[in-house]
Each structure stands twice: as C-alpha cells, then as structure tokens.
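Take a look at the structure below.
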Amino acid sequence: MSKTRKKPTLLSSSHHRLSDDVVFDILTRLPVKPIIRFRCVSKSLNSTITDPIFINAHFNLNKAKSLSNNNNGYLLCKTRPVPTSPEADLCTVVCNNDHTLTEISRFKIPFDPFYIIGFFNGIFCLTALDEDRDSLCTKYFGYNCMTCLWNPSIRKFKRLQANNHVDTIGYGFAYHCQNNDLKVLRFLRLVHKGPLWWSFQAEVYTLSTDSWRLVEPLNGLIKSVWRIESNGLFFNGALHYIAYTRHNNFLKKIILCFDVNDEKFREILLPQNDAVELSSSFDQLAVLKGSLALINFGECAGEGNELHEIWVMRDYGVAESWTQKVVPLLNFKSIFGCMGSDELMISSVRPFSSDRFFLFDLESLNENNLRIEDLGIENISLEHYTTNLMESLVLLND
C-alpha cells in the first residue's frame with residue numbers, strides 16, 4: 001500500500017479529448033463497481049486502475065468523503081436464505097439520525113462460519129475454521145483457525161499464510177497511518193511440558209511485506225501474560241486488550257497496549273478501584289467521545305437492577321485521569337459500539353425471544369429501540385458495528 005511509482009500513461013492514443021490527468025481525476029471520484037468494469041476497456045486503463053498510485057489516490061478521496069457522513073454508524077449483519085443454509089450474505093445497514101435503519105449493500109460471504117476481527121479502509125480481517133486436521137492445534141484443542149483479509153467491494157480475499165500449528169487466542173487489526181499500511185496482530189499459546197504448560201508470544205503481519213514477524217517482548221511483559229480477554233480495540237494508533245499477567249502465582253488485570261508504529265507492548269494502568277481490579281466479571285474496552293473507556297459489568301442487589309461502571313480516560317495514558325460514571329441497565333448482554341452522540345449501542349437478553357438492540361444515552365439515560373425486524377431481512381444476526389464505512393481498491397493489485 002505504501003509503494004510509490006511514476007503515474008502511468010492512461011491513454012496512448014493521440015485522438016483522445018481529455019488529458020490523462022483529467023481522466024485519472026475522474027476515475028478516482030467513481031465508486032468501486034464502475035471502476036472495476038473500466039478495467040475491461042483497455043490495457044492502459046487496467047494498468048492505471050491496478051497501479052498503487054491510483055489505488056492510494058482513490059482511497060484518500062473516499063476516506064475524506066466517508067468522514068463527512070452524517071449518520072450514527074453502520075451495522076454489519078449476517079443473513080441466510082433459510083436458517084440451515086450453508087450460504088450467507090453480509091448486509092451493511094446504516095444507522096440514521098432518527099434511529100431508523102436502512103440496508104445499503106449486500107455481499108456474498110466467501111466462507112462461513114466466520115468471525116470479524118476488525119474493519120478498516122474497506123477491508124475486513126476475518127478468522128474462520130481451517131480444514132487442516134493434522135495441525136497440532138486441532139489435535140490439542142479440536143479446532144484450528146485461518147486468518148484472511150477480505151475486500152467485498154472487489155470480491156477478493158487474501159489468506160494470510162502463517163504457522164497454524166499453534167493455538168491463536170487473540171487477534172487485532174490496525175491501520176498504520178504513517179505508512180498507509182494494514183497490520184494484523186495475533187497472540188499464540190505455545191504448549192510445553194512441566195508446571196507452566198503454556199506460554200505466549202505475539203506475531204504481527206504487515207500487508208505491504210505480506211509477511212509475519214515475531215514481536216520482541218518488552219521487559220518480559222508478554223511472557224508474563226496468562227490470559228487475553230478479547231480481540232484488540234484499535235485507538236490512538238495502538239491495539240488495546242484486557243489481559244491478566246502472572247506474578248508470583250498471583251494474577252493481575254491490566255490493559256495491554258500494542259503500539260502499531262514502533263511495535264512495542266506497554267501497560268496502561270487500570271483505575272485504582274477494587275471493583276475494577278478485583279472483579280472477575282466481564283469487562284469491555286470502547287472508545288467514547290474520543291477517549292479510551294473501560295466498561296465494568298457488575299450487579300447491584302435489590303429489585304433486579306444492574307449497575308455498570310463506565311471509566312473514561314480523559315488524558316490518554318495518564319492513570320490519574322480515569323473518571324467514573326455509573327449507569328443502570330437491565331438484562332444487559334454486550335455493547336456493540338459507542339457513537340459520537342454519547343450513545344451506546346447495546347444488546348440485552350429478552351426471555352423466550354431474540355435479543356433486543358437499543359441505543360442508550362449516557363447523559364439522559366434514555367433508551368431508543370433499534371428495530372432490526374423492520375428491515376424485513378430473514379434470519380439476520382448482528383456481527384459488528386463500525387463508525388466509518390468506505391469502499392476501496394486495496395488488494396486489487398495483490
């Protein structure tokens with residue numbers, strides 16, 4: 001993605017009316033679908049469209065347009081013709097400002113089941129079950145996973161070749177803005193003999209080099225990791241994880257941070273609060289109004305109400321800047337995202353029915369239902385939420 005070359009000649013004929021620069025500029029402003037069709041017009045157009053210079057120019061222009069979208073983000077949903085169908089589609093649904101939903105696109109998923117690690121610049125990072133039955137991971141744990149990048153706009157996916165004969169227990173997908181590149185981080189659990197029968201190491205994949213590299217541990221931080229709670233949250237140029245480290249047979253909960261630029265691991269201190277440090281309940285990281293947030297789920301006795309703590313780090317990296325807010329939520333299940341309008345997108349459990357999705361305003365504490373059933377899509381399930389959506393030609397020349 002970060003390669004630069006001399007801009008190729010678009011049209012070699014002396015009869016054309018528009019200059020190459022004008023045609024180049026027009027093409028960069030088109031959606032992906034017609035651009036792909038133009039590849040069949042001539043060899044010169046195909047050469048231009050697949051050139052990294054054009055791909056980057058088209059990407060930068062579309063990124064600027066996507067940032068100006070006036071909505072509350074996008075839901076990425078999976079749907080099937082019938083519940084037992086082996087085929088599935090990925091639907092993109094926009095969350096309008098009036099809390100209604102509108103389907104805007106649909107793509108055939110190349111394989112299923114799958115899990116979305118992340119989405120950046122028109123590219124999905126996915127994991128799916130691998131059919132390699134001879135791998136060590138399959139023998140020990142009964143399954144094995146592959147990782148791939150998928151660009152649905154151009155119907156292309158790229159499998160990331162790696163050593164899958166180990167157990168991968170955590171992922172992260174990130175955009176390296178300084179080099180205009182994409183990176184995938186994965187944590188590997190290595191099985192040993194003896195009292196400490198497993199250990200961790202980390203590898204990072206870079207799209208521009210199409211290769212994995214072992215990440216050097218920082219002060220033994222990775223070697224002390226005992227458990228990774230979830231996949232990484234990308235924020236402020238780094239991937240963030242809730243993790244547990246082991247020291248003298250005691251477990252310590254931390255926020256593990258991986259800087260995408262220098263590829264170093266660091267620790268972010270948790271709020272100095274027993275409910276956060278000692279809680280064994282489920283925690284979740286999020287981005288709330290441009291700040292790193294930690295959501296700690298706990299229960300308050302009496303009347304079946306549940307109180308949850310939301311800690312916001314007002315000054316990134318400064319432990320003393322954590323501030324607390326307590327909110328009541330009943331039958332809470334999970335948070336799909338945080339919107340710029342100070343709203344949380346939440347799913348809650350409804351007895352004897354499908355999950356309920358709603359927006360929760362942190363200031364007014366009001367709830368607004370998201371009526372997914374009004375989309376009229378059969379057998380739909382919510383897979384992911386993103387604040388920004390765009391098409392790109394990334395992977396076209398891969």
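As the structure is a computational prediction, the values presented were derived from the model and not from experiment.
- Within the cation-pi definition used here (under 6.0 Å to the ring centroid, within 45° of the axis), Arg186 does not qualify as a partner of Tyr171.
- Applying the salt bridge (Lys or Arg N to Asp or Glu O under 4.0 Å) rule to Lys108 yields the partners Glu87, Asp89; only residues at least two apart in sequence or on another chain are considered.
- Take Tyr115 and apply the ring-ring contact (aromatic ring centres under 6.0 Å, His included) test, not counting sequence neighbours, and it matches no residue.
- The side-chain hydrogen bond (donor to acceptor under 3.5 Å, both in side chains) check on Asn151 picks up nothing, with sequence neighbours excluded.
- Applying the side-chain contact (heavy atoms from CB on, under 4.5 Å) rule to Glu320 yields the partners Val318; only residues at least two apart in sequence or on another chain are considered.
- Among residues two or more places apart in sequence or in another chain, the salt bridge (Lys or Arg N to Asp or Glu O under 4.0 Å) test is passed with Glu263 by Lys183, Arg213.
- Side chain of His240 to main chain of Ala238: a donor-acceptor pair is present (N/O by atom type, distance under 3.5 Å, no hydrogens or angles).
- Scanning for salt bridge (Lys or Arg N to Asp or Glu O under 4.0 Å) contacts around Asp262 gives Arg266, with sequence neighbours left out.
- The two residues Pro271 and Leu294 come nearest to each other via the heavy atoms CD-CD2, 4.0 Å.
- Shown here are the side-chain contact (heavy atoms from CB on, under 4.5 Å) partners of His384, two or more places apart in sequence or in another chain: Leu76, Ile116.
- Residues passing the ring-ring contact (aromatic ring centres under 6.0 Å, His included) test with Phe234 are Phe120, sequence neighbours excluded.
- Lys325 contributes a side-chain N or O that, together with a main-chain N or O of Leu362, makes up a donor-acceptor pair within less than 3.5 Å.
- In terms of the salt bridge (Lys or Arg N to Asp or Glu O under 4.0 Å) criterion, residue partners of Arg371 (sequence neighbours excluded) are, by chain and number, Glu373, Asp374.
- Between Trp150 and Phe124, the distance separating the two ring centers is shorter than 6.0 angstrom.
- A continuous path of Ile, Leu, Val, Met, Phe, Trp and Tyr side chains, each step under 4.5 Å between heavy atoms, connects Ile104 with Phe107, placing both in one hydrophobic cluster.
- Under the side-chain hydrogen bond (donor to acceptor under 3.5 Å, both in side chains) criterion, Asn96 pairs with Thr100, Thr102, not counting sequence neighbours.
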| said: Go through it in stages, so that I can follow the logic: the residues are Cys95 and Met345, the test is side chain to side chain contact (heavy atoms under 4.5 Å, CB included), and I'd like the CA-CA distance, side-chain angles, deciding distance and then a yes or no. | reply: CA-CA 11 Å; Cys95 304; Met345 180 175 292; 3.8 Å; yes
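- The six-membered or imidazole ring of Tyr316 lies near that of Phe235, with a centre-to-centre distance under 6.0 Å.
- Qualifying side-chain contact (heavy atoms from CB on, under 4.5 Å) partners for Ser291, counting only residues two or more places apart in sequence or in other chains: Val312.
- The backbone N or O of Val32 lies less than 3.5 Å from a partner atom in the side chain of Glu391, making a donor-acceptor pair.
- At distances below 3.5 Å, at least one donor-acceptor pair connects side-chain atoms of Asn56 with backbone N or O atoms of Pro52.
- Relative ring orientation between Trp212 and Tyr205 is described as tilted, the plane-to-plane angle lying within the 30° to 60° band.
- Remark: Ala57 engages Phe24, Thr28 in a side-chain contact (heavy atoms from CB on, under 4.5 Å) (not counting sequence neighbours).
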